[in-house]
Amino acid sequence: MPSRKFADGEVVMGRWPGSVLYYEVQVTSYDDVAHLYTVKYKDGTELALKESDIRSQSSFKHRKSQSSSSSPSRRSSSRSRSRSRSPGRPAKGRRRSASQSREHKDDKKKIIQETSLALVVLVLFKPSENNTKRYNGEPESTEKNDTSCIILEQKLKPDLEIKRVLEQYSLRSRKDDKKTEEIFSEKKTFVAVKPIEKVPSKTKELEFGGRIGTFMLIFLLPATVFYLLLMCKQDDPSLLNFPPLPALESLWEWRVFGVFLLWFFLQAVFYLLPIGKVVEGLPLSNGRKLQYRINGFYAFILTAAAIGVLLYFQFELHYLYDHFMQFAVSAAAFSLALSIYLYVRSLKAPEEELAPGGNSGYFIYDFFTGHELNPRIGSFDLKYFCELRPGLIGWVVINLAMLLAEMKIHNLSVPSLSMILVNSFQLLYVVDALWNEEAILTTMDITHDGFGFMLAFGDLVWVPFVYSLQAFYLVGHPTTITWPVAAAITVLNCIGYYIFRSANSQKNNFRRNPADPKLANLKFIPTATGKGLLVTGWWGFVRHPNYLGDIIMALAWSLPCGFNHILPYFYVIYFICLLVHREARDEHHCKQKYGLAWERYCQRVPYRIFPYIY
Ligand code: NDP
């Protein structure tokens, strides 16, 4: 087997997929299995290229001038192709014959196939006049290595500008001159090229503090949950009043574990019911798309019915409150066992099914972040199931149990106003997530993170047992609030929810159908992937408006607990830290995906989450 030709760190010339344009790139890694080099363009874009698409710098001669016969602009004027309905369509007299057109198509196909096995060319973006206007609202910067804009800018720039870009680097062979001609004639077609989906290679940039950080988090996360629950049980849950440790045997009860298992498998049964539509997820690195059944909301309705039946038959739901710590321990033990299972099975998973973020080769790191991207048993997707079902629906059930426990313990005929607010706000949040279940398919959790301890523990322990902390706190620490205060908190929650929902919907709708007439007033920056980056509307306000809305809601969930202790504010403090960290991770990924286009977006929208603050 031939060894690799280019070393890591070497600066070479890499061909931009589907074109004859070569740019200076740096080799960052090599995939021995797929025989692909990962290269980084100057604008930060990373792509996987075949060796044949990489040349040493010395093999290039800078072209100062060209003979008139080979001028792309001249050739273009004689051979540019017709595209009816294209805004940039050429004059009738310049149409190609059918055979020329076929030839052209064959050549184009060849270019694409030659460029990379993994290259996906999609006709993603056919701008209408409307789109043109929207783009024209953007600054017309023409960075040389702005690969993000090459194709789209072709319709906006004068021929000379395109000629300059094309001439900057080119190979001298006639074969490639021909290709140049074809690509140049593409300037009227508005075809966006999707960059190569990378075959997963080793994760080089370790997050969460690397091996040491993830090792510590495996202990720190469960410890935090137990600390919070123990604190909540205290009469005086001040920070300095450290709770006494419970006897070990009091933490485990097989019956409780059995109830937990019953809950988990009941949700699994609901998930498997053939109700609800089946949708496709985003393309994986091998181009395949997984199918997902969207029936989380139905699962919620069925769960509500089941709980209603239990209550009707006098089942004491506050059993959950009485054994809360034991439930948390059961969930933690289960999530640990699940994580071990996930890691062991991931060792047999094919390379292409490993998570981009959890393939470092370090056991602890991969165990924590998740080695396999979409572990499935048949069509049962373990990660997708755990993300929204047992934990999230469980959170609402726990809140309800706390409400009933409060009524029972304090002998109330109706729950306290604080408890009603906390229950209603969080119910709205969970129902919203389940109603918009499809949106989860484009989140980092599904597309980037593997399924390992982080998500298993997060979904099954952290969400149900930490997010319900306010309701748990209120049972032991009754708090009275007045109606005007309750109204003010409700308004705050509604504002947060409005920002959160409209920002998420705006982006999701735009991603689903950028040409949606309802979004016609929004401007966006085009990128090489064919996707745009919104720069007006919510996404022009701050770079993560949905996080802002989420944080405002988190505050509204804590306020009904009053100001006696900081404990009920743990959620909002933790959540700000989580989202600031998540935002940084997302920025990093977006920078890699969109390169210079992302930088332009950041210039246009300077604040990340909080306007004028951060
Ligand atoms: P986001 O919904 O914020 O999506 C980020 C992605 O949106 C980026 O990767 C990019 O993806 C796209 N994007 C970024 N900027 C733009 C733009 N200007 N125009 C168009 N698309 C853009 O991701 P999250 O998964 O982090 O969050 C989803 C929701 O879940 C949020 O509301 C968040 O608050 C909530 N959340 C809640 C948590 C909880 O524990 N309660 C935890 C984490 C999140 P691309 O371009 O590839 O489409």
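As the structure is a computational prediction, the values presented were derived from the model and not from experiment. Remember, it's 1-based here, ligands and their atoms both numbered in the order they're listed.
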Write out the residue and atom name of the closest protein heavy atom to [atom], then the distance separating them to 0.1 Å.
atom                    : value
atom 25 (O) of ligand 1 : R582 NH2, 2.9 Å
atom 12 (C) of ligand 1 : K507 CD, 3.7 Å
atom 36 (N) of ligand 1 : D550 OD2, 3.8 Å
atom 1 (P) of ligand 1  : N546 ND2, 3.5 Å

Less than 3.5 Å between some nitrogen or oxygen of [X] and one of ligand 1, yes or no?
X    : value
Y574 : no
T443 : no
R543 : no
W539 : no
L534 : yes

Of the side chain and backbone of [X], name the one, both, or neither that has a heavy atom under 4.0 Å from an atom of ligand 1.
X    : result
K531 : side chain
L578 : side chain
F524 : neither
A439 : neither
Y429 : side chain
N504 : side chain

Between [X] and [Y], is the gap from one ring center to the other below 6.0 Å?
X    : Y    : result
F541 : Y607 : no
Y601 : Y594 : no
Y467 : Y571 : yes
W539 : F510 : no
F385 : F264 : yes

For ligand 1, which atoms, with element, lie under 4.0 Å from some heavy atom of [X]?
X    : answer
Y601 : 18 (N)
D586 : 5 (C), 6 (C), 8 (C), 9 (O)
F500 : 32 (O)

Identity of the nearest option to [atom], non-hydrogen atoms only, from [options]:
atom                    : options                : result
atom 20 (C) of ligand 1 : M444, Q506, R511, K593 : R511
atom 26 (O) of ligand 1 : Y547, Y467, F575, Y594 : Y547
atom 10 (C) of ligand 1 : A433, P545, C590       : C590

With F465, the side chain to side chain contact (heavy atoms under 4.5 Å, CB included) member among V463, L469, V461: V461
Could you walk me through whether W263 and F327 pass ring pair (Phe, Tyr, Trp, His ring centres under 6.0 Å), step by step? CA-CA 11 Å; W263 167 256; F327 272 107; 10.0 Å; no
Is there a donor in the side chain of [X] and an acceptor in the side chain of [Y], or the other way round, less than 3.5 Å apart?
X    : Y    : result
Q470 : S418 : no
Y574 : W462 : yes
Y429 : D550 : yes
D366 : S360 : yes

Is there a protein heavy atom less than 4.0 Å away from atom 30 (O) of ligand 1? no
Think R293 forms a cation-pi with F270, using NZ or CZ under 6.0 Å from the six-ring centre and within 45 degrees of its axis? no
Give a yes or no on this: more than 12 heavy atoms of other residues, nucleotides or ligands lie within 6.0 Å of atom OH of Y227. yes
